[in-house]
Asker: 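Would you mind keeping the following structure in view while I ask a few things?
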Amino acid sequence: MATHTDTNNMCAMKQILILLFLLLSLNAYSQEEADSTGTRLLSDITYKAELSATAGSGDHAPLWLHSNRFGLPSAKTNSGYLRGGLFRDASADSLHRWRYGYGLDVAVAAGHTSHLIIQQAYFDVNWLHGRLSVGAKERPMELKDNRFSSGGQTLGINSRPIPQVRLELPEYWTVPLTRGWVQIKGHIGYGMMTDKNWQHDFTGGTKQYTDNALFHSKAGYLRIKHEDYDYPLSLELGLEMACVFGGNTYNHPNYPEIENGKGLKSFLNAFIPGGGDSYEKGSVYENTEGNHLGSYLIRVNYEKKKWKSSLYFEKFFEDQSGMFGVDYDGYGSGSAWNSHSERKYLLYDFKDMLLGWDLELKEKRWVRNLLLEYLYTKYQSGPIYHDHNPGNSDHIGGIDEYYNHYIYPGWQHWGEAIGNPLYYSPIYNDDGMLRFKNNRFMAFHLGVGGQPTKEIAYRLLASWEEGLGTYRQPYTKKKHQTSFLLEGTYTPQRPSLRGWSASLGLGLDSGDIIGDNFGCNLTIRKQGVLTRGHKR
């Protein structure tokens, strides 16, 4: 009988063979058309190879040694991987209206969630300012510094990429009739989670999990800035929303199996929140179909020739009341307990947020980047019942249970939080539960970076957190956790070593949430050009 690991490896090999077949087909086509699209697709290819090993002590690898790295480093104490990838950026076709890019990024790992990992496998088609992207691709966070931030709460860089079909406006595009002052970008995507077999292994088939769950995300960003004017102030606004839906859920406390919606209507309900989960059909408390969540983002930038400073804010929400900060509370009493009887609304407190500040000193060496963040998630619309009932007509929709859902696994992929790792991912759980056990916390985060010489750069990350657990399963007392990372990167400038680099990271955790952990990581990389572009 094949194991789940064998199944993962077979699926990964199929993806590789399909991509190789496409590349060979393009090569054959290019023999007939010397100046064809096929020829372009086989030019301007870059490569990247990486060898990484982590060793340490404790129950896990230190938080910042494995977090916010697209889910590839393992949370286990001792692990390693060998990684190789081929990439073509669509910008290589800058002289063409239709531009093509792709990537295949594969790792062989030990001490990880699987032994053969297809980290990236994607194909991009760009036309004018738009792009159609198909496959799994590492996508950076928006409106945050990916090197130093603790991470985005909705769309972060902490988990393995989710394969999807995605329409996007990847770079800011100036809106006509705004005199060059307003730019927009964004995306709409649908995909599928790939951690089905891992969920089986992690839960032992006895705890709640979901097979073949579908994924949807959308985001829009607006910037007010005129690049032709030497004006230092700019404003960026964003809205990110995502949803997990579809698939089948097993071992639910009330039903052994729940068949979730998968048809066209479910896809529409993922795009515009609506409908209801099949488990709740006909119920008085029918909620929106799927697990919806999102964030508001604001970033104010002030940039001069020698420095740049930004203040940014993120407001995370798990439901409609959290999104708008208001809920209807005008229900009747007695037999009319579920009827709208008066105009009465409840305003929620404005407490939960991520507030950050970063500074870039462009000409400094020892301290070039400085970042500070404050993250508060304790409120969650308040510690009270979720819905009104016949005995109490007040509707105070509290206990939002950030990152958790009663039908779907938490906001995770392959055990790692899709958003911010300070929620402490289910990969840390030793009971097979796919839940976030510490979603109510306050945290402070620091990031510092510099480049003392042309060959040596460093970054320092430090975070402190006070956790309360969850509303439904609170800690008996407050728990605390401190995590550090000091990482240096050496990039030799000698021509004979061009393309080589090495990073050494030392990580430390201390506390009673994820424990006391120490570890070091050594990563050696080689990257360069495999095929050069043709003259056009």
Side-chain angles (χ1 to χ4, degrees), residues 62-70 140-153 155-158 221 223 225 230-238 295 297-316 353-377 419-423 441-466 480-491 501 503-511 521 523:
L63 177 72
W64 295 120
L65 269 187
H66 75 89
S67 298
N68 283 346
R69 303 173 192 244
F70 294 102
M141 291 184 293
E142 300 285 354
L143 310 192
K144 289 187 180 68
D145 191 314
N146 285 246
R147 299 165 299 168
F148 300 105
S149 173
S150 66
Q153 293 195 79
L155 302 177
I157 56 173
N158 190 57
Y221 309 93
R223 183 177 70 179
K225 177 183 179 181
D230 188 18
Y231 191 70
L233 189 64
S234 64
L235 173 67
E236 293 177 277
L237 306 173
S295 293
L297 301 101
I298 302 174
R299 184 178 180 94
V300 180
N301 307 299
Y302 192 89
E303 184 170 11
K304 300 294 285 184
K305 182 178 180 180
K306 294 184 178 181
W307 61 276
K308 176 182 179 181
S309 182
S310 300
L311 184 67
Y312 54 95
F313 164 87
E314 180 177 6
K315 174 66 172 72
F316 178 74
M353 69 178 72
L354 186 155
L355 184 64
W357 169 78
D358 62 32
L359 172 67
E360 180 184 1
L361 302 172
K362 302 176 183 179
E363 297 182 356
K364 299 297 183 180
R365 295 189 302 166
W366 285 95
V367 178
R368 182 169 294 178
N369 297 94
L370 178 62
L371 176 145
L372 295 171
E373 289 182 344
Y374 164 75
L375 184 55
Y376 188 96
T377 69
N420 193 297
L422 290 177
Y423 283 83
F441 62 88
M442 175 180 65
F444 296 93
H445 177 76
L446 168 70
V448 182
Q451 189 171 355
T453 72
K454 291 183 178 180
E455 295 184 328
I456 297 176
Y458 78 92
R459 67 170 177 158
L460 169 69
L461 303 180
S463 59
W464 176 88
E465 180 168 329
E466 178 182 84
H480 300 87
Q481 191 71 42
T482 304
S483 297
F484 294 95
L485 169 71
L486 177 60
E487 183 180 67
T489 299
Y490 173 63
T491 307
S501 66
S503 297
L504 178 64
L506 300 176
L508 173 69
D509 295 333
S510 178
N521 170 267
T523 301

Asker: Which heavy atom of S463 sits nearest a heavy atom of L63, and at what distance?
Answerer: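 S463 and L63 have their closest heavy atoms at OG-CD2, 4.4 Å.
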Asker: Applying ring pair (Phe, Tyr, Trp, His ring centres under 6.0 Å), can you list everything that pairs with Y490, at least two apart in sequence or on another chain?
Answerer: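 If we apply the ring pair (Phe, Tyr, Trp, His ring centres under 6.0 Å) test to Y490, skipping adjacent residues, there are no hits.
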Asker: If I compare all heavy atoms of P421 with all of N68, which pair ends up nearest, and what's the gap?
Answerer: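 Minimum heavy-atom contact is CD-OD1, 3.5 Å.
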Asker: About how many Å separate CG of N369 and CG of L361, when rounded to the nearest 0.5 Å?
Answerer: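 Answer rounded to 0.5 Å: 8.0 Å.
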Asker: If you take all heavy atoms of P232 and K304, which pair is closest and at what distance?
Answerer: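 Taking P232 first and K304 second, the nearest heavy atoms are CB-CD, 4.0 Å.
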Asker: For R365 and P452, indicate whether the former's side chain and the latter's backbone hold a donor-acceptor pair under 3.5 Å.
Answerer: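 Flag set: sc R365 to bb P452 pair under 3.5 Å.
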Asker: Can F441 and L422 be said to form a side-chain contact (heavy atoms from CB on, under 4.5 Å), step by step?
Answerer: CA-CA 9 Å; F441 62 88; L422 290 177; 4.2 Å; yes
Asker: Is any side-chain heavy atom of Y458 closer than 4.5 Å to one of V448?
Answerer: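 Contact flag for V448/Y458 side chains = yes.
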Asker: Sub-3.5 Å donor-acceptor pair from the side chain of E236 to the main-chain atoms of L143, do we have one?
Answerer: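 Judged by distance alone, no pair lies under 3.5 Å.
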Asker: Quick one: does any side-chain atom of T453 pair with a main-chain N or O of E455 as donor and acceptor, under 3.5 Å?
Answerer: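 Answer holds: yes.
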Asker: In Å, rounded to the nearest 0.5 Å, how long is the span from CG of L460 to CG of L371?
Answerer: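 Rounded to the nearest 0.5 Å, the CG-CG separation comes to 11.5 Å.
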Asker: Hey, could you give me the CG/OG distance between L372 and S149, rounded to the nearest 0.5 Å?
Answerer: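 Between L372 CG and S149 OG, I get 11.5 Å after rounding to 0.5 Å.
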Asker: Among all residues two or more places apart in sequence or in another chain, which pass the side chain to side chain donor-acceptor pair (under 3.5 Å) test with Q451?
Answerer: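 Once residues adjacent in sequence are excluded, Q451 has no partner under the side chain to side chain donor-acceptor pair (under 3.5 Å) criterion.
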Asker: Do L375 and E465 come close enough that some side-chain heavy atom pair is under 4.5 Å?
Answerer: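 No, every pair of side-chain atoms sits at 4.5 Å or beyond.
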Asker: Name all residues meeting the salt bridge (charged side-chain N to carboxylate O under 4.0 Å, His left out) criterion together with R147; count only those two or more places apart in sequence or in a different chain, and write none if there are none.
Answerer: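 Counting only residues at least two positions away or on another chain, R147 forms a salt bridge (charged side-chain N to carboxylate O under 4.0 Å, His left out) with D145.
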Asker: Can you measure from CG (L354) to CZ (F313) and round to the nearest 0.5 angstrom?
Answerer: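 Between L354 CG and F313 CZ, I get 9.0 Å after rounding to 0.5 Å.
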Asker: Using a cut-off of 6.0 Å, state whether more than 12 heavy atoms not belonging to W366 lie near its atom CH2.
Answerer: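 Result for CH2/W366: open.
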Asker: Identify the two heavy atoms, one from S295 and one from Q153, that lie closest to each other, and give their separation to 0.1 Å.
Answerer: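 Closest heavy-atom pair between S295 and Q153: OG-CB, 4.1 Å.
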Asker: Name all residues meeting the side chain to side chain donor-acceptor pair (under 3.5 Å) criterion together with Y312; count only those two or more places apart in sequence or in a different chain, and write none if there are none.
Answerer: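 Partners of Y312 by the side chain to side chain donor-acceptor pair (under 3.5 Å) criterion, ordered by chain and then number, come out as E373.
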Asker: Is there a side-chain contact (heavy atoms from CB on, under 4.5 Å) between L370 and L446? Walk through the geometry before answering.
Answerer: CA-CA 8 Å; L370 178 62; L446 168 70; 3.9 Å; yes
Asker: Donor-acceptor check, side chain of S309 to backbone of L359, threshold 3.5 angstrom: yes or no?
Answerer: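 No.
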Asker: Provide the full list of salt bridge (charged side-chain N to carboxylate O under 4.0 Å, His left out) pairs with a residue in residues 354-363, sequence neighbours left out, each pair given once.
Answerer: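 Pairs touching residues 354-363 that pass the test: R299-D358, E303-K362.
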Asker: Between S503 and E487, do the side chains contain an N or O donor and an N or O acceptor separated by less than 3.5 Å?
Answerer: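 Note: S503 and E487 side chains miss the donor-acceptor criterion.
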Asker: Hey, what's the ring geometry for W64 with H445, parallel, tilted or perpendicular (30° and 60° as the breaks)?
Answerer: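 Geometry flag for H445 against W64: tilted rings.
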Asker: With a sphere of 6.0 Å drawn around OH of Y376, does it hold more than 12 non-hydrogen atoms of other residues, nucleotides or ligands?
Answerer: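 More than 12 within 6.0 Å, yes.
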Asker: Do the side chain of N146 and the main chain of K144 share a donor and acceptor less than 3.5 angstrom apart?
Answerer: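 Judged by distance alone, yes, a pair lies under 3.5 Å.
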Asker: Within a strict 4.5 Å, meaning less than it, do heavy atoms of the N420 and F316 side chains meet?
Answerer: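 With C-beta onward as the side chain, the pair stays apart.
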Asker: Find the distance between CG (L233) and NZ (K225) and round it off to the nearest 0.5 Å.
Answerer: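 It is 10.5 Å, given to the nearest 0.5 Å.
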Asker: Just do the side-chain contact (heavy atoms from CB on, under 4.5 Å) check on M442 and W464 with the steps written out, would you?
Answerer: CA-CA 8 Å; M442 175 180 65; W464 176 88; 4.1 Å; yes
Asker: Can you list everything that forms a side-chain contact (heavy atoms from CB on, under 4.5 Å) with L235? Sequence neighbours excluded, please.
Answerer: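 Listed in chain order: I224, L237, I298, V300.
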Asker: Are the side chain of D509 and the backbone N or O of S483 linked by a donor-acceptor pair below 3.5 Å?
Answerer: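 No.
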Asker: For side-chain contact (heavy atoms from CB on, under 4.5 Å), just list the numbers for R459 and L485, CA-CA rounded to whole Å, side-chain angles, deciding distance to a tenth of an Å, and then say yes or no.
Answerer: CA-CA 8 Å; R459 67 170 177 158; L485 169 71; 4.0 Å; yes
Asker: How many angstroms lie between atom CE of M353 and atom OH of Y374, to the nearest 0.5 angstrom?
Answerer: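 It comes to 6.5 Å.
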